[in-house]
Every structure is written in structure tokens, then in C-alpha cells.
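Please read the structure below before turning to the comments.
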Amino acid sequence: AYNCIALITKNLCGKLNTLLALGGHISPLDNLELASHLSYAFTSDWDDWKEPEKGNGNSINSDMYIAADLRGAWTGFENIQLELHSKFTYGFLLGKNDLEKEGANFLTTWNALGGSYSISDSMQVKLVSTVNYSTRALRKEVWNSLQFSIKPAFRYYLAEKAYAQVGINYTITEGWGKDSTGKDYTGTRVMNIAVPVSISVEL
């Protein structure tokens, strides 16, 4: 059942901040756990709501965010654990200025699917794959980004709360959109490969 509810509203020096959050987790099956977190946030500086004047330098600080965080874990297979994690955020920029009287909006999503297999009590292999997408739109300008990554890794437990890990991170990112005139700009593609090595000790 849901077990976390929060409503916070502050009005300080002409700024209004409101946060509403609801979250919790359930276990519908013995080996399945689901969790979610929903939130709404609104922030405003009263000056942002004044009609813009040419060259007054007003900035768009008023904004509203709606976000959802969903997670799931399955441990029904021997020595195997599967996890799914997704986050979604949609936002509006609501203030006014002399550049963007209509404000802007954006959407971001982050999705990860991961799994691990315990070869023995001291050895474990892991695999995580992520897909991230974001878009931001003004009146004519639009920015889009799509990123995919895959991260295999091998972990060796030196002790109960200490391990060494080595992996390979491969990431590819593409960007595209429109400029201030509404024309498509040249898309971009960036690929990265890293070999992270880490040692973790929990005290």
C-alpha cells in the first residue's frame, strides 16, 4: 500500500514553492516487488507574471513539473534477480519574458532494465541496459536527445560487504531538432566506450 504522502507549500520573499508527493510499494507475489512515486511541483516568482517589457531582462522562472518513478524487482529464479526502473518527467515553463512570451515545455524519460546472476557466493555477473529520451520545445526551437547504453560487468566479493567490479560501458547518443527559424539543424551522434573499475567497502 502507499505509505508516503507529502504536501509542502512555502511563500517566501515573493516566491511560491509547492510540492505534492505520493509513494509506496506492494508485493503482489512472493518474488515480485513493485514501487512507485508520483510528484507534482510548482515554483513561481511573482515578477515572472508581469507583462514583459522590451529589454527588461525578465527570466522564465515559474515552472511546473509532473513526475512518475516506477520500479519492479523479480527474484523468482534461482541465483537470478531482474529489475526494471522507469522515470518520466513533464514540465512547463509558465513565466513571461520578452523572448518567449508563451513559455516552453519539456519531457524526459529514463528507462533501465537490469539483471544479475550469482555464479557462486563470491562471483556475480551483471547486465544493465538503459534508454533515455528528452525533448524541449520553445515557440520554434526544438531540442531532442536519444541515448542508449549497455553495461555488462563482473563483480567479485572480497568479503561480505566488500567487492571489486570491472565492466564495459557502451553509450550512443543522438541529437536533433529545429533552430530559431524552424529549420532542421544537423543531427549529431556520439559514441563512448569506458571500462570502469571500482572497489566498494561498506562500513
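- Closest approach of Phe88 to Thr109, counting heavy atoms only: CD2-CG2, 3.5 Å.
- No chain of hydrophobic side-chain contacts below 4.5 Å, direct or via other Ile, Leu, Val, Met, Phe, Trp or Tyr residues, connects Tyr157 to Val166.
- Taking 4.5 Å as the limit, some side-chain heavy atom of Lys126 sits within range of a side-chain heavy atom of Gln165.
- In terms of heavy-atom proximity, Asn144 sits nearest to Tyr185 at N-OH, 4.4 Å.
- Within 6.0 Å of atom CG in Asp121, 12 or fewer heavy atoms from other residues, nucleotides or ligands are found, so the atom counts as exposed in its surroundings.
- The only option from Leu34, Ile80, Leu29, Leu84 that meets the side chain to side chain contact (heavy atoms under 4.5 Å, CB included) definition with Trp74 turns out to be Leu29.
- Closest approach of Phe148 to Ser129, counting heavy atoms only: CE1-OG, 3.3 Å.
- Looking only at side-chain heavy atoms (C-beta outward), Val142 and Thr135 come within less than 4.5 Å of each other.
- Between Tyr170 and Ile172, some side-chain heavy-atom pair lies under the 4.5 Å cut-off.
- When all heavy atoms are compared, the tightest approach of Ser134 to Thr108 is CB-CG2, 3.6 Å.
- Annotation: side chain of Ile199 is not in contact with side chain of Tyr163 (no heavy-atom distance under 4.5 Å).
- Under a 4.0 Å N-O distance rule, the pair Asp69/Lys87 does not qualify as a salt bridge.
- The ring-ring contact (aromatic ring centres under 6.0 Å, His included) search around Tyr65 returns Phe106, not counting sequence neighbours.
- Within 6.0 Å of atom CG in Leu158, more than 12 heavy atoms from other residues, nucleotides or ligands are found, so the atom counts as buried in its surroundings.
- The aromatic rings of Tyr156 and Phe154 lie parallel to each other, their planes meeting at an angle below 30°, with 60° marking the opposite boundary.
- No side-chain donor from either of Asn192 and Thr171 sits under 3.5 Å from a side-chain acceptor of the other.
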